[in-house]
Amino acid sequence: MTTQTETIDSVLTESRVFDPPSPEAVGAPRWLIEDEATYKRMHAESIENPEAFYGSAAKELHWFRPFDKVVEFESPDAVWFKGGTTNLCYNCVDRHVAEGRGNAIGLVWEGEPTDADGAPEVVSYTYSELQAATSRFANALKARGVKPGDVVTIYMGMVPELAIACLACARLGAVHSVIFGGFASHSIVDRVKDADSSIVVTCDGAWRRGKVVPLKANVDEACAALDGAVKTIICLKRCGNEVAWEDGRDVWWHDAVENEPASCACAELDSESTAFILYTSGSTGKPKGIKHTVGGYMVHTYLTSKYVFNLIPGLDEPTRQLPNGRPLSGQVYWCTADVGWITGHSYIVYGVMANGVPTLMYEGAPDCPDCDRFWDIVERHKVTQFYTAPTAIRAFMKWGRAHCEKHDLSSLQVLGSVGEPINPEAWMWYREVIGRGVCPIVDTWWQTETGGHMLTTMPGAHKTKPGSCGVPFFGVDAAICDEDGTEIEGGGGLLCVRRPWPSMLRGIWGDRDRFIETYWQKFDVNGTVSAGKPSPYYFAGDGAQRDADGYFWIMGRVDDVINVSGHRMGTAEVESSLVAHPAVVEAAVVGIPHEIKGTGIAAFCILEPGSKPADAEAAKALKQALRAHVGEQIGAIAKPDLLRFTDALPKTRSGKIMRRLLRDIAAGNEIAGDTTTLEDRTVIDKLLADES
Ligand code: WT7
C-alpha cells in the first residue's frame, strides 16, 4: 500500500466542499432525505435497530408471505427476511400494474443506429407491456424445461430483451448468469461450465460503433468447446447478420415467444433463494460466480435507488413525448452501464424498476455517430438522473465541452459516478459542464459482492467533496481497520464492513472455501481468524481513508485486482491468458495510470527462446499478436496497454513477483521503497535501461 498512500495524500489535499442544493435549484420536486440531520437519525436507527429500519423499508415492497425475522447472521452466512416469500419481477413490474400504473412507462430503449435524418430507433414499454413480455419469455423458458433454481446464461447486447430475459428468469425463480457482451467466447466457456448451465440466451449480433459484434458466433464457438453441455440457445434477431444454426438446439426468440400466453404467475420465492450469479474477477485466474438472493438484494437495491438518486414515481409533470411519440411524465433515470455488470443489474433493472421510475437503456457507444450522443439522449428524453463512470467522464473531457454545450441539459437533477475513484478534476468538470454548476454528484462506492451502494452521499442531505465517496448508506457499518479489526482513526487502512447488509453476497457459486478465504479471513477480530473461524467483518479488498467529517476516500484495491475503465480485471487472468500463448513463458501484469481508463494494463513477458523477435519490427508484430490473443481469450477490455519483453522478472528470494517495482517501472516512476528483498537487483537495472 506504500505507493498508493501517495495517491491518497494528494487527493486528501482536496479541500473544496459543496453544499447540497435546494430541490428548486436543480428542478427536483423535493429531496426525499432533506438534510444531514435526517440522514444521521435514520442511519443511527438503521444500525441500532436494523429490525425496525429494514423491516419497515421491506414493507414498501410486496411480499406474498410476510417475513418472520429481518436478519440473522452467523459469519459468513446471513439470512434476511426469513420466512418471507416474494418475487423481484413482481415488484419491478406486476406491482405497478396492480397499483393502477399499468399504462405508465417503465422502460425506454434507444438503439445505436440512426436513420438518414439522424433519428434513432426508440422503443418504450409500459408496465403492462413488460408484464406481458416477461410472462411470454418466462413461458418460453418453461417450455424448454427451465425450472426454479436452473441457471440461464444470458449473453446479449444492450437491447430491451436483455432486461426482459433477466426479469423473466426472476418471474420463474430461475437463476440468471449474465455475461457481458464484450467478453470473448473463452469467457463464455468458463462461466457456462462453472454454473452448469444448459441454456444460453443471446442475439445474432450487437451494434457497437456502427459495427456488428457477432454474439451468436461467439456462443457457437463456446458451445463447440463445451461438448454438448448447452442444449438450448435462444437467439434474438437484432442486427440481421448471418448466423450458423443447429436445428433442435437453436431457436429464434420471436419463434419461441410467438404462441406463448402473455400471462405467467410470479413464483412465490423464499427470500433467501438465489436470484442470480454474476461472475467477477478475483486474484486468481478463475472468475468467481457471486451469488445474490431475492429478498435482501431486492430491498437494498430498491432503497438505495430511492434515496441516492431521489427517485419519485408517478409525478404529474406536464406530459412530454418520447421520440417515438409516446407520452412520458415525471423523472427519467439513465445509467450508462451495461446490464452485463452489477451496475446494470442493480441500477438499470432491479433497484430502479422496483421504484416505478422509467429506466432508460442505450444500446451503443457514446461517440456514435458523434461525441455528443449522450447529451443528445439527455436532451431528447429529458433525463433527470444520470449515472456513469469516471472513465467516461474523462473521455468527455478530452472530446471537449462543445459537445455538451450543444444540448440543453437542464432536465438533469442528480449526477452519479461509480466504478473507480473519481479524480477531482473530472469531478469538477462533471459538476460544471454537465451539472450546470449546481447538480449534486453522488459518488457511489460498492462492489459486485455488495449488490448495492455502500458508501455515498444523498443529493439533498450531504455536502459533497470532489474525490470522496461520502458516508455509509443506511444499515451499512463501514470502517477503516488494521488487520486485527482495530479501527484506525485518521490515516489509511483496509475498508471493512462490520455488520451484515441485505444485499451482501451469499457465496461464490460452488466454492465455499474461496468465499471464506477471500472475504472473511482478513480481520482477526477477537482472535476469530486465529482460532480458525470466519471473521465477523467483511473484507472489501480496497484501501481507504476517512477524514474528520467521516467522509471516506477510496485509495484503490489492495489485492491483485485492477480497475480498468471501472471494470474489474484480475491481473492473474491476463497473465494466464498471456502464458497460454506459445511465445510466452512467464508474464506479470500490473496496473498503470491511464489518462482515460484511470488504470491501464501493463504486461511484462518473458519469451520462449525460439520466439524472441529479431528486430524492432518483429517485436512490434509480436506485441500486436499478443494483444489480439488476450482480446480473443478474455475480451477487448483485457488487452494490455503496455507490453514489455524481458529476460527476467523482479522477484523476492521466495520467488514472489515484486509488482510494486513493476508498477513503478511501467509508470516511468523512480523506484520507490525498499528493494532489499529483491533477489537480483540487475533485473531492475536491465528493465530500466531497456525500453523494448
Ligand atoms: C471495485 C468493485 C460497483 C459497480 C462497479 C464496479 C471500485 C467501485 C467506486 C467508487 C472508488 C470504486 C472499488 C471496488 N469502486 N466504485 N465510487 N470509488 N472505487 O464493480 O467490478 O465489483 O468493482 O470497484 O475498488 O472494490 P466491481
Side-chain angles (χ1 to χ4, degrees), residues 1 4 7-8 11 178 180 182-183 277-283 287-290 292 300-301 304-305 308 335-348 350-351 387-393 415-424 426-427 430 441-457 464-473 476 478 494-497 503-505 508 518-519 522 538-546 551-571 573 591 597-599 635 637-638:
M1 252 163 51
Q4 279 157 346
T7 0
I8 196 67
V11 168
V178 181
F180 170 54
F183 279 133
I277 49 179
L278 181 61
Y279 285 86
T280 187
S281 300
S283 40
K288 318 175 263 199
I290 302 299
H292 283 288
H300 194 89
T301 56
T304 46
S305 299
V308 176
C335 165
T336 69
D338 192 289
V339 172
W341 307 105
I342 191 69
T343 308
H345 283 56
S346 303
Y347 300 110
I348 293 177
Y350 294 114
Y387 193 29
T388 196
T391 183
I393 299 167
L415 303 176
S417 172
V418 61
E420 54 179 312
I422 178 166
N423 47 313
W427 196 101
Y430 197 23
I441 295 176
V442 291
D443 176 0
T444 58
W445 177 87
W446 58 295
Q447 310 177 294
T448 306
E449 291 87 344
T450 70
H453 300 155
M454 301 295 280
L455 301 171
T456 179
T457 51
T464 49
K465 308 182 183 190
S468 164
C469 58
V471 295
F473 186 74
V476 174
L494 303 171
L495 180 57
C496 72
V497 188
S503 61
M504 63 196 282
L505 79 165
I508 294 176
T518 312
Y519 306 107
K522 192 70 175 181
Y538 168 82
F539 173 52
D542 281 298
Q545 198 162 352
R546 190 158 54 174
Y551 277 51
F552 286 76
W553 300 74
I554 303 294
M555 296 151 73
R557 303 284 311 190
V558 295
D559 52 9
D560 292 331
V561 170
I562 50 184
N563 252 301
V564 183
S565 302
H567 298 314
R568 198 196 305 193
M569 210 60 250
T571 50
E573 254 175 286
K597 299 179 183 180
T599 305
I637 57 161

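Counting convention: from 1, in listed order, for ligands and their atoms alike.
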J.: Pick out which of C469, P421, P472 makes a side chain to side chain contact (heavy atoms under 4.5 Å, CB included) with W445.
T.: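 The side chain to side chain contact (heavy atoms under 4.5 Å, CB included) with W445 is passed solely by C469 among C469, P421, P472.
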J.: Could you check which of H453, M569, M555, R568 puts a non-hydrogen atom nearest to atom 21 (O) of ligand 1?
T.: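 Looking at heavy atoms only, R568 sits closest to atom 21 (O) of ligand 1.
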J.: Identify the closest protein heavy atom to atom 1 (C) of ligand 1: which residue and atom is it, and at what distance?
T.: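 Nearest protein contact, heavy atoms only, for atom 1 (C) of ligand 1 is N563 ND2, 3.7 Å.
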J.: Short question: side chain of H292, backbone of S503 - any donor-acceptor pair under 3.5 Å?
T.: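 Present.
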J.: Measure the distances from the heavy atoms of G541 to every atom of ligand 1 and state whether one is below 4.0 angstrom.
T.: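 It does not, in that no heavy atom of G541 comes within the 4.0 Å cut-off of ligand 1.
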J.: Could E573 and R568 be called an ion pair, given the rule that one side-chain N must be under 4.0 Å from one carboxylate O?
T.: no
J.: Say you draw a straight line from CE of M569 to CG of D560; how long is it, rounded to the nearest 0.5 Å?
T.: 13.0 Å
J.: Evaluate the criterion ring pair (Phe, Tyr, Trp, His ring centres under 6.0 Å) for residue pair Y279 and W341; output intermediate values, then yes/no.
T.: CA-CA 9 Å; Y279 285 86; W341 307 105; over 10 Å; no
J.: Grab the two heavy atoms, one from I637 and one from V564, that are nearest each other, plus how far apart they are.
T.: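 I637 and V564 have their closest heavy atoms at O-CG1, 4.0 Å.
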J.: Identify the protein heavy atom lying closest to atom 16 (N) of ligand 1, giving its residue, its atom name and the separation to 0.1 Å.
T.: G419 N, 3.1 Å
J.: Any N/O of E449 closer than 3.5 Å to an N/O of ligand 1?
T.: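 Checking ligand 1 against E449, no N or O pair falls under 3.5 Å apart.
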J.: Where is the nearest protein heavy atom to atom 14 (C) of ligand 1: which residue, which atom, and how far?
T.: D542 OD2, 3.2 Å
J.: Tell me the protein heavy atom at minimum distance from atom 6 (C) of ligand 1, and give that distance in Å.
T.: G566 O, 3.9 Å
J.: Would you check if the side chain of Y347 reaches a backbone N or O of H453 as a donor-acceptor pair within less than 3.5 Å?
T.: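 Yes, Y347 side chain to H453 backbone: donor-acceptor pair under 3.5 Å.
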J.: Looking only at protein heavy atoms, identify the closest one to atom 4 (C) of ligand 1 and say how far it is in Å.
T.: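 Here the nearest protein heavy atom works out to T343 OG1, 3.2 Å.
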J.: For ligand 1 and T280, I'd like to know whether there is a polar contact (N/O to N/O, distance under 3.5 Å).
T.: no
J.: Quick one: does H567 get within less than 4.0 Å of ligand 1, heavy atoms only?
T.: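 False for this residue.
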J.: Identify the protein heavy atom lying closest to atom 2 (C) of ligand 1, giving its residue, its atom name and the separation to 0.1 Å.
T.: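 Ranked first by proximity to atom 2 (C) of ligand 1 is W446 O, 3.7 Å.
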